[in-house]
Amino acid sequence: MRRYVGPLAVSVSASDGTSVAVMTVRSDQDGQAEVSFAEVDALLRARGRGGLGPFTTLLVGRDGWAARVDLPELRAQLAEWHATWVGRGRGSPALFAELHPEDEAAGRMRARALEASLKRQAEDAAAVDRGELSARRFLERHAWSPYRSLVEQKDGRPSP
């Protein structure tokens, strides 16, 4: 068989079988084509389709003859990678909870995000006490904080 060189339709399909054509990519001389998930997501959003979220399969080539990507499986794999990076201190637990709300780790990540936020607030409140951070800057930085009333007393003015 020869490698296919030419245009490839990229589409997405939903669980109910509906399909939406998104874009066309061109394979190179080696028969390779590149599809950017971010670009597909952006194009769907621009068309009022809400991005890749509601779709279950990404198809390359008519009816997916060139490639099929199971999007729920891909999302699960991305969530696993993201959780690994958060565990190594290289990712954001709050972003994880936002991007993967149905993942089993989302609750733990929300708790980690809240703990990290409270730690930052405690450190900033201590910096206000030491005079290293202005009370006004603390109040701008932390819209909600258990330290807010203490810092407002140092500021002398109620926050906006």
Side-chain angles (χ1 to χ4, degrees), residues 1-124 133 136-148 159-160:
M1 290 176 50
R2 293 189 323 213
R3 294 180 177 138
Y4 175 77
V5 177
L8 290 164
V10 176
S11 60
V12 291
S13 65
S15 58
D16 65 2
T18 59
S19 184
V20 176
V22 179
M23 62 192 285
T24 301
V25 295
R26 184 163 184 80
S27 63
D28 62 18
Q29 295 301 322
D30 293 326
Q32 301 291 315
E34 185 174 309
V35 177
S36 165
F37 291 104
E39 185 177 0
V40 171
D41 185 74
L43 288 169
L44 288 166
R45 287 179 191 281
R47 296 177 190 164
R49 297 293 190 142
L52 279 171
F55 297 97
T56 57
T57 309
L58 182 127
L59 307 159
V60 181
R62 187 179 308 160
D63 297 325
W65 70 265
R68 286 177 170 266
V69 178
D70 181 339
L71 294 174
E73 184 178 318
L74 178 64
R75 288 182 198 103
Q77 188 175 18
L78 290 172
E80 185 179 321
W81 289 342
H82 195 168
T84 299
W85 283 108
V86 170
R88 293 178 182 170
R90 303 281 301 179
S92 165
L95 182 59
F96 180 96
E98 180 67 25
L99 292 176
H100 313 287
E102 285 88 32
D103 192 271
E104 64 183 41
R108 288 192 323 272
M109 295 297 178
R110 281 187 206 90
R112 285 181 77 164
L114 180 59
E115 289 170 2
S117 176
L118 290 172
K119 181 181 177 196
R120 280 191 305 276
Q121 291 174 33
E123 290 169 353
D124 285 353
L133 180 70
R136 184 55 70 189
R137 182 69 184 120
F138 177 96
L139 297 171
E140 290 171 354
R141 189 177 287 176
H142 304 291
W144 170 89
S145 174
Y147 302 99
R148 189 168 186 85
S159 63

Worksheet item: Rounded to the nearest 0.5 Å, what separation is found between the OG1 atom of T84 and the CZ atom of R88?
Response: 6.0 Å
Fill in: Atom pair CE (M23) and CD (E39), whose distance is rounded to the nearest 0.5 Å
3.5 Å
Discussion item. If you count every heavy atom of other residues, nucleotides or ligands that lies below 6.0 Å from R47 atom CZ, does the total exceed 12?
Written reply: yes
Worksheet item: Rounded to the nearest 0.5 Å, how far does OG1 of T57 lie from CG of L74?
Response: 11.5 Å
Practice prompt. Given salt bridge (Lys or Arg N to Asp or Glu O under 4.0 Å), test R137 with E140 step by step and report yes or no.
Written response: CA-CA 5 Å; R137 182 69 184 120; E140 290 171 354; 3.6 Å; yes
Fill in: N/O donor-acceptor pair under 3.5 Å between S11 side chain and V22 backbone
no
Worksheet entry | W65 CH2: over 12 foreign heavy atoms closer than 6.0 Å | yes
Discussion item. Is it the case that the side chain of T24 and the backbone of P7 share a donor-acceptor pair, with hydrogens and angles ignored and the cut-off at 3.5 Å?
Written reply: no
Worksheet item: Looking only at heavy atoms, which two atoms of T56 and A14 are closest? And how far apart?
Response: OG1-C, 3.5 Å
Worksheet item: Can E123 and R120 be counted as an ion pair, charged N to O under 4.0 angstrom?
Response: no
Item to complete: Report the distance from atom CG of L58 to atom OG of S13, rounding to the nearest 0.5 Å.
Response: 8.5 Å
Fill in: Point-to-point distance, once rounded to the nearest 0.5 Å, from CG of L114 to CE of M109
14.5 Å
Worksheet item: Can you check whether A113's main-chain N or O pairs, donor with acceptor, with S117's side chain at less than 3.5 Å?
Response: no
Response to the item:
Of all heavy-atom pairs linking R68 and L59, the shortest is NH1-CD2, 3.4 Å
Worksheet item: What heavy-atom pair brings P146 and Q121 nearest, and what distance separates the two atoms?
Response: CD-OE1, 3.1 Å
Practice prompt. Count the heavy atoms of every other residue, nucleotide or ligand shown that sit under 6.0 Å from CZ of R141, and state whether that count exceeds 12.
Written response: yes
Discussion item. For R108, I'd like to know if atom CZ has over 12 heavy atoms of other residues, nucleotides or ligands within 6.0 Å.
Written reply: no
Item to complete: Would you please test D124 and Y147 for side chain to side chain contact (heavy atoms under 4.5 Å, CB included) and show each step?
Response: CA-CA 9 Å; D124 285 353; Y147 302 99; over 6 Å; no
Worksheet item: How close do V25 and E34 get, heavy atom to heavy atom, and via which atoms?
Response: CG1-O, 3.6 Å
Worksheet item: Is D63 atom CG crowded by more than 12 heavy atoms from other residues, nucleotides or ligands, each under 6.0 Å away?
Response: no
Fill in: Nearest non-hydrogen partners of A33 and S27, listed with the distance
CB-CA, 4.0 Å
Worksheet item: Looking only at atom types and distance, does a side-chain atom of D41 sit under 3.5 Å from a main-chain N or O of L52, one as donor and one as acceptor?
Response: yes
Item to complete: Find the distance between CZ (R3) and CD (Q32) and round it off to the nearest 0.5 Å.
Response: 7.5 Å
Practice prompt. Can you establish whether the number of heavy atoms outside R49 located under 6.0 Å from its atom CZ is more than 12?
Written response: no
Discussion item. Show the nearest heavy-atom pair for residues F96 and V86, with the distance to one decimal.
Written reply: CB-CG2, 4.5 Å
